[in-house]
Amino acid sequence: MPIVNVRMLKGRSKAQKDEMSRRITDAISEVGQVPKDAVWLVFEDVEAEDWYTAGVSASDKRAAQAKAK
């Protein structure tokens with residue numbers, strides 16, 4: 001059974017996660033030729049202050065972008 005772990009910044013709605021789950025499940029089922037009920041997804045919402053890119057947190061990047069506006 002395929003297990004997909006989706007990590008993303010916190011803030012997506014249940015409706016958005018439902019749609020992502022449906023599309024990811026469809027793709028894996030079709031390409032991997034497995035039944036849809038064999039595909040498991042786990043969403044992990046990560047706080048912006050815990051998500052870093054190039055040594056800078058997403059919360060700091062957002063603050064800098066807001067300040068630049």
Side-chain angles (χ1 to χ4, degrees):
M1 117 187 46
I3 300 172
V4 179
N5 186 287
V6 179
R7 290 185 189 132
M8 58 190 171
L9 289 175
K10 188 176 182 179
R12 297 334 187 278
S13 69
K14 182 178 181 323
Q16 288 172 309
K17 290 178 183 179
D18 288 348
E19 182 65 14
M20 283 188 260
S21 175
R22 186 188 62 75
R23 292 184 189 197
I24 292 167
T25 298
D26 287 348
I28 291 174
S29 176
E30 180 182 333
V31 175
Q33 298 181 338
V34 297
K36 289 181 182 181
D37 62 356
V39 180
W40 292 24
L41 274 92
V42 177
F43 287 98
E44 290 186 51
D45 291 330
V46 180
E47 297 289 343
E49 58 267 10
D50 294 328
W51 190 286
Y52 283 75
T53 305
V56 180
S57 72
S59 60
D60 289 344
K61 285 183 180 184
R62 286 178 178 173
Q65 289 171 346
K67 191 175 182 179
K69 287 182 179 181

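For this chain, numbers begin at 1 and follow the sequence in order.
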- Can you tell me if Glu19 uses its side chain to pair, donor with acceptor, with the backbone of Gln16 under 3.5 Å?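 Answer holds: no.
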
- Going by distance alone, is a donor N or O of one side chain under 3.5 Å from an acceptor N or O of the other, for Ser21 and Asp18?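 Judged by distance alone, the side chains do not pair up.
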
- Query: Run the side-chain hydrogen bond (donor to acceptor under 3.5 Å, both in side chains) check on Ser29 and Asp26 step by step: do they pass?
  - Reply: CA-CA 5 Å; Ser29 176; Asp26 287 348; over 6 Å; no

- Given side chains that start at C-beta, do those of Arg12 and Asp45 come closer than 4.5 Å, heavy atoms only?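 With C-beta onward as the side chain, the pair stays apart.
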
- Looking at CG of Asp50 and CG of Leu9, how far apart are the two atoms once the value is rounded to the nearest 0.5 Å?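 With rounding to 0.5 Å, CG (Asp50) is 10.0 Å from CG (Leu9).
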
- Query: Roughly how far apart are Arg62 CZ and Trp51 CH2, rounded to 0.5 Å?
  - Reply: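 The CH2 atom of Trp51 is 10.5 Å from CZ of Arg62, to the nearest 0.5 Å.
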
- Return the minimal non-hydrogen interatomic distance between Phe43 and Met8, and the atom names on each side.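 Between these two residues, the closest heavy atoms are CD2-CE, 3.5 Å.
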
- Is it true that atom CD of Gln33 has more than 12 heavy atoms of other residues, nucleotides or ligands lying nearer than 6.0 Å?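 12 or below, so no.
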
- Applying side-chain contact (heavy atoms from CB on, under 4.5 Å), run through Val6 and Ile24 and close with a yes or a no. CA-CA 10 Å; Val6 179; Ile24 292 167; 4.1 Å; yes

- Decide, yes or no, whether a salt bridge links Lys67 with Asp60 under the criterion of side-chain N to carboxylate O below 4.0 Å.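 Between Asp60 and Lys67 there is no salt bridge, as every charged N stays at least 4.0 Å from the carboxylate O atoms.
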
- Identify, with sequence neighbours excluded, every residue that meets side-chain contact (heavy atoms from CB on, under 4.5 Å) alongside Val34.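 So Val34 forms a side-chain contact (heavy atoms from CB on, under 4.5 Å) with Pro2, Ile28, Val39.
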
- Before giving the answer on side-chain contact (heavy atoms from CB on, under 4.5 Å), spell out for Met20 and Thr25 the whole-Å C-alpha distance, their side-chain angles and the decisive distance to 0.1 Å. CA-CA 8 Å; Met20 283 188 260; Thr25 298; over 6 Å; no

